[in-house]
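In what follows, a structure is listed as structure tokens, so that the remarks can point back to it.
These values consider heavy atoms only, across backbone and side chains, with no hydrogens, waters or symmetry-generated copies. Reminder, nothing fancy here: chain letters follow the sequence lines and each chain counts from 1.
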Amino acid sequence: MSDITIKLPDGTQKVMPSDSTALSLASSISRNLAKAAVSAVVDDREVDLSTPLNHGNVVQIITVDSEAGRHVLRHSTAHVMAQAVLQMYPGAKYTIGPAIENGFYYDFDLGDRVFTEDDLSLVEDTMRKIIAANQPFVRSEIPVSEALVLFASQSYKCEIIARVTGGGADSVDNAEVGGSGDSVSIYRNSDEFVDLCLGPHVASTGRLGHFKLQKVSSAYWRGNEKGPVLQRIYGTAWESKAALEEYLHRLVEAERRDHRKLAVELDLLSFPSELGGGLAVWHPKGAIIRKLMEDYSRARHQSGGYQFVFTPHLSNATLFQTSGHLDFYADGMYPPMEMDNGTYYPKPMNCPMHCLIFRGRQRSYRELPLRLFELGTVYRYERAGTLHGLMRIRGFTQDDSHIFCTQDQLQSEIISLLDFVMSVLKAFGFEDFSFHLSTKDPVKYVGSDEIWETATEALVSALDAHGVSYSVKDGDAAFYGPKIDIHVRDAIGRTWQLSTIQCDFNLPERFDLEYVANDGSRQRPIMLHRALFGSVERFFGVLVEHYAGAFPTWLSPVQVRILPVALAHEDYAQAVATTLSAQGLRVDISEASDQLGKRIRTAKLEKIPYVLVVGDEDVSAQTVGVNARGADVERGVSISSFADRVLTEISFSDI
RNA sequence: GCCGGGUUAGCUCAGUGGUAGAGCAACCGCCUUGUAAGCGGUUGGUCGUGGGUUCAAUCCCCACACCCGGCUCCA
């Protein structure tokens, strides 16, 4: 047999024996590569390492420390978990078990049984035995008729086979099983366990091991809330013990930053159950921060050419019939109040009211773009199970603006908005942005295709002209128009969707909005909906998590705490406090009734940016001892230089 | 809304079919303190709400409210 030539991703060619596999290729390159290899991409198809190679193949070896490699590892671990569960719970039906970001899950139908947290370690034990047995994953393709016999007792598998071979498969199905019409691929790793699967998998179960089962929950079969409820186990799996531990540490870190926990600890706000779910009350310290956020926002909008408006919390139902919201979102609105002069709803959004302001009198093209801004509080009856601290809440305040402009102004308006958004978010400490374009939902939309095309084109051309890169989310738009969502990355790498810019040709039509053009004709304005924080509450929650409660000085409820060493220094502490307060700083004093160490500790736990200690030396020298958050102690700093330093730190150049 | 788990002092959490306990916090003393918990004492709870079972319910059962983990949803 003659040798074959294989191309590598870097363009080099390699001559191999004709019976070579992806694994032998890896071995021929280096021992370490062979050791790290979990799968390969051959001519753009992801395959097992055992796959035979052919002359001319382009082959990339996937290693376990890459995202693609971890994906294989996680998917294989999911198989082992399913194997363990089937072993331990006779009669269980297995459904699908994909790899996901950071891990995997598998969904089971256990009949009336449910998993408990205690089951997890038992399942883990069984998995470890399967891993220790080092069972090889063997792929085969079998005819559909044979597969239906093999999985005869597994109704979910039969359903998947029917969909894949019947042409009704979706991406979930296709990820589960390779279907070429009359055959399906399966992976078997022992006499007792076989699963429908596209693959690839690691060579054998012994390759796995750095995993942890995390939680049990439920999920709907195929995401359909009318369908069967399945039992899901989530797990995580990594290429090494260190990587697993690092990930688990990240989870602990995320928990430490949980805004719901910090809101209690720092006395920022609460969700009294007497109020009802998803409704918050802001305590004084939280309110200070919120007010500063709002003040900053107002200042930026003021200088950004916005006009401030206010609108009520209630409206007659006819308004929301006109806007179309009642047709689409009646379920998400608080129920109507029947009054003697009509039916009223708490407002779920501000835009219809801003339309009324625009329509309040005749408008000229000279007024455009007209930018109306409001910190508008809205109420949405979010389903009970979806509430989540400040991130998903039923009463919230949008930093909401509606910009009415001409077709000609649209692109430049969007471009300047992109700058405005980033500039405002940067002030709150976010540096890393990503952009996402959402296009028309094929079902939930109003307006003609032409209008949608024009609007989408406007957003695309603005994004292109601005020069930012973006991803596209098909079908994710609001019912009235396409949108750009802006996500930020936080201090521990998580992303949050905050800002949104939505292009709307529909509401102007529904409200019959017009302006007089320079030729005297009546024209329809285009409307942009946009919010930067999104919701003040949610943005606040994100800030808490981003800073782990240690807000930057300008936002801290208490900026400076003064600790007199002993009783004798309290007068001096008071004098320092008066001096700093007079310069606009938020200062308090912790009296000498407790030991200094304890007061330091308390102040640190409250994450106060500056703790000043004053004792005999400071009284005589008119200085303070400065403990800046996260920094070493500085003794003998003059009061004025401390004040200058903090005032410089908290000043803004852009307002 | 669905599945599962919860709700005990301001906070974090023990505990029991015979109406409850710790630590921290708060308050009162003592100590007068130079960088992450000094000492002693006191106060504080209709055991989420409403029904039921029981001689007796915080505990067992039911309903509801709220919270948590997911699913679904998110104008």
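- The gap from the P atom of B:G21 to that of B:C47 amounts to 14 Å, rounded to the nearest Å.
- One P atom belongs to B:C31, the other to B:G40, and the distance between them is 15 Å to the nearest Å.
- Between B:A75 and B:A36, the distance separating the two C1' atoms is 48 Å to the nearest Å.
- For the C1' atoms, the distance from B:C62 to B:U54 is 16 Å, rounded to whole Å.
- When the P atom is compared between B:A14 and B:G48, the two are found 14 Å apart, to the nearest whole Å.
- Looking at every heavy atom in both residues, A:Thr311 comes nearest to A:Ile357 through CG2-CD1, 4.0 Å.
- Among the protein residues, A:Val229 comes within range of the sugar-phosphate backbone only, with heavy atoms under 4.0 Å from sugar or phosphate atoms but none that close to a base.
- When both pairing distances are held under 3.5 Å, B:C64 makes a Watson-Crick or G-U pair with B:G48.
- Figure legend. B:G29 is base-paired to B:C39; pairs are counted as Watson-Crick or G-U wobble with both atom distances under 3.5 Å.
- Between the side chain of A:Asp258 and the main chain of A:Glu255, no donor-acceptor pair closer than 3.5 Å is present.
- Of the residues in residues 591-601 of chain A, those lying under 4.0 Å from RNA chain B by heavy-atom distance are A:Ala592, A:Ser593, A:Gln595, A:Leu596, A:Gly597, A:Lys598, A:Ile600, A:Arg601.
- With RNA chain B read from its 5' end, the first of the two nearest nucleotides for A:Thr602 and A:Gln231 is the one closest to A:Gln231.
- Rounded to whole angstrom, the span from the CZ atom of A:Arg394 across to the P atom of B:A65 amounts to 10 Å.
- The pairing partner recorded for B:C2 is B:G70, the criterion being a Watson-Crick or G-U wobble arrangement whose two distances lie under 3.5 angstrom.
- Note on ring orientation: taking the six-membered ring where Trp is involved, the planes of A:Tyr379 and A:His313 are tilted (angle from 30° to 60°).
- Counting to the nearest Å, the P atom of B:C2 and the CG atom of A:Leu230 are 17 Å from each other.
- In this structure, A:His487 and A:His436 have tilted ring planes: the angle between them lies in the 30° to 60° band.
- Taking the C1' atoms as reference points, B:C39 lies 42 Å from B:G5, given to the whole Å.
- Spacing of C1' atoms, B:C67 relative to B:C27, comes out at 31 Å, to the nearest Å.
- Atom CG of A:Asp449 sits in a crowded spot, with more than 12 heavy atoms from other residues, nucleotides or ligands closer than 6.0 Å.
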Subject >> Under 4.0 Å protein heavy-atom contact, by nucleotide of nucleotides 68-75 of chain B - B base, S sugar-phosphate only >> reply: SBBBBBBB
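- Taking for each of A:Phe271 and A:Glu617 the nucleotide of RNA chain B with the nearest heavy atom, the 5'-most of the two is the partner of A:Glu617.
- A donor-acceptor pair under 3.5 Å links the side-chain atoms of A:Arg538 to the main chain of A:Gln497, judged by distance alone.
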**OP:** Quick one: do A:His529 and A:Thr500 satisfy side chain to side chain donor-acceptor pair (under 3.5 Å)? Show the steps, please.
**Re:** CA-CA 8 Å; A:His529 307 239; A:Thr500 185; over 6 Å; no
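- Straight-line distance between the P atoms of B:A63 and B:C2: roughly 12 Å, to the nearest whole Å.
- Aromatic ring orientation, A:Phe328 versus A:Phe479: parallel (interplanar angle below 30°, classes split at 30° and 60°).
- Using a distance-only test at 3.5 Å, with no hydrogens or angles considered, a donor-acceptor pair links the side chain of A:Glu545 to the main chain of A:His259.
- Closest heavy-atom contact between A:Tyr94 and A:Tyr156: O-CB, 3.9 Å.
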